[in-house]
Amino acid sequence: MFEQGGTSRPSSHRVDSTGFVMVALSNVQFGKRNEDVRTVQKALLKRGREIPDGATGLFGDQTKAAYQEEQVAQGFKGSDADGVPGPTSLAALGRLTGLFRLDDEPVSAGGEGKLTLAQVTFRDPGDDSGEEAMRRYARRACELTGMDPKFGVTALATIAKRESASNHPRFRVNTTDMNARGRVVADGHPLNRSRGATQCIPGTFATHHQAGTATSTTWSPACAPRSTTCAIATA
């Protein structure tokens, strides 16, 4: 049955300085219809995944099943292979097929709390690691954002476990994925490397920065007003 429906988005792609098509994680989500989804579908097909209707540009059940198969092939297991794109698997899909790179989604100053990339600072606050610490930080994040802790604590702690082994020092900076580029900044790493418990990239951090919290990007697992790094991000 042909996949129908979905929300729309302008069809133009962003291209980086080397000519690579850039795909935004926020666009590649269930129910959306846009050119980023179409590009990811083409990549899935190139990898041998089945999408019976082809690259329609709609992220429906067929695409979710194909993405889940891709996650399994990349080594994800259990609930981590859920058919929902995350930054690690999506960047790997682009790298393996050569069809796109993951977009860091730079933003300009806008609504309350948003930053420009020039306003983002970089430091390691030395936050705790481990699952219990992640749950503690997640509870604080829920307090600051109004997220229901009944769902939010488990969700955020799971994201941290998947992305950085619960903020383990060895995995707090991703040195291998396609975001590992850009000028070297104050923490000694290229600008666009993903950092911290949720492996957030600076553009996403700037977009979702909470008013009244620190501007030091992505290192810390939670948002705390005026004191620690804001790093609540999509998995």
Side-chain angles (χ1 to χ4, degrees), residues 7 24-32 59 64 67-68 71 76-91 102-105 107 110-115 120-121 123-169 171-174 177 179 193-235:
T7 56
L25 176 63
S26 60
N27 289 340
V28 189
Q29 302 297 325
F30 190 86
K32 290 198 172 186
F59 197 123
K64 183 175 181 179
Y67 201 91
Q68 183 176 26
Q71 287 172 319
F76 292 90
K77 298 178 181 180
S79 61
D80 290 342
D82 55 6
V84 178
T88 302
S89 60
L90 191 59
L102 192 61
D103 196 342
D104 61 9
E105 300 182 270
V107 297
E112 183 179 2
K114 281 189 176 182
L115 303 173
V120 173
T121 57
R123 67 178 179 84
D124 181 356
D127 288 301
D128 296 337
S129 59
E131 292 187 37
E132 181 52 41
M134 297 305 100
R135 297 186 71 84
R136 185 173 72 249
Y137 290 132
R139 284 191 291 271
R140 180 59 175 147
C142 288
E143 291 174 4
L144 289 164
T145 62
M147 185 186 302
D148 186 345
K150 180 179 178 181
F151 306 103
V153 170
T154 298
L156 291 169
T158 299
I159 289 169
K161 183 177 180 179
R162 289 175 58 176
E163 296 299 329
S164 66
S166 298
N167 208 34
H168 190 286
F171 302 112
R172 295 186 68 196
V173 180
N174 192 325
D177 72 12
N179 294 312
R193 280 184 176 170
S194 52
R195 296 164 168 86
T198 57
Q199 289 294 282
C200 188
I201 53 179
T204 301
F205 170 83
T207 300
H208 300 288
H209 178 259
Q210 299 291 304
T213 65
T215 60
S216 182
T217 184
T218 67
W219 275 98
S220 178
C223 280
R226 300 179 181 86
S227 63
T228 190
T229 303
C230 177
I232 300 174
T234 304

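Considering CD of E163 and OG of S194, their distance stands at 7.5 Å, rounded to 0.5 Å.
In this structure, E132 and D128 have side chains that are not in contact, with every pair of non-hydrogen atoms separated by 4.5 Å or more. Counting heavy atoms from C-beta outward, S164 and T198 have side chains that stay 4.5 Å or more apart. When side chains are defined from C-beta on, P202 counts as touching R195, because their heavy atoms get closer than 4.5 Å.
Judged by distance alone, the side chain of K161 and the main-chain N or O of N167 form no donor-acceptor pair under 3.5 Å. No donor-acceptor distance shorter than 3.5 angstrom exists from the side chain of Q71 to the backbone of F76, with no hydrogens or angles considered.
Taking the charged nitrogens against the carboxylate oxygens, R162 and E131 have no contact shorter than 4.0 Å, which rules out a salt bridge. The residues K64 and D82 are annotated as not salt-bridged, no charged nitrogen and carboxylate oxygen being separated by less than 4.0 angstrom.
Relative ring orientation between F59 and Y67 is described as tilted, the plane-to-plane angle lying within the 30° to 60° band.
Between M134 and A197, the shortest heavy-atom distance links the atoms SD-CB, 3.8 Å. Closest approach of L25 and Q29 over heavy atoms only: O-NE2, 2.9 Å.
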Pair L156-R139, side-chain contact (heavy atoms from CB on, under 4.5 Å): steps then yes or no: CA-CA 9 Å; L156 291 169; R139 284 191 291 271; over 6 Å; no
side-chain contact (heavy atoms from CB on, under 4.5 Å) between R193 and N174, worked out: CA-CA 6 Å; R193 280 184 176 170; N174 192 325; 5.7 Å; no
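Remark: F171 engages H168 in a ring-ring contact (aromatic ring centres under 6.0 Å, His included) (not counting sequence neighbours). Taking the side chain to side chain contact (heavy atoms under 4.5 Å, CB included) definition, one finds that P169 meets it with S129, sequence neighbours left out. With sequence neighbours excluded, no residue forms a side chain to side chain donor-acceptor pair (under 3.5 Å) with T158.
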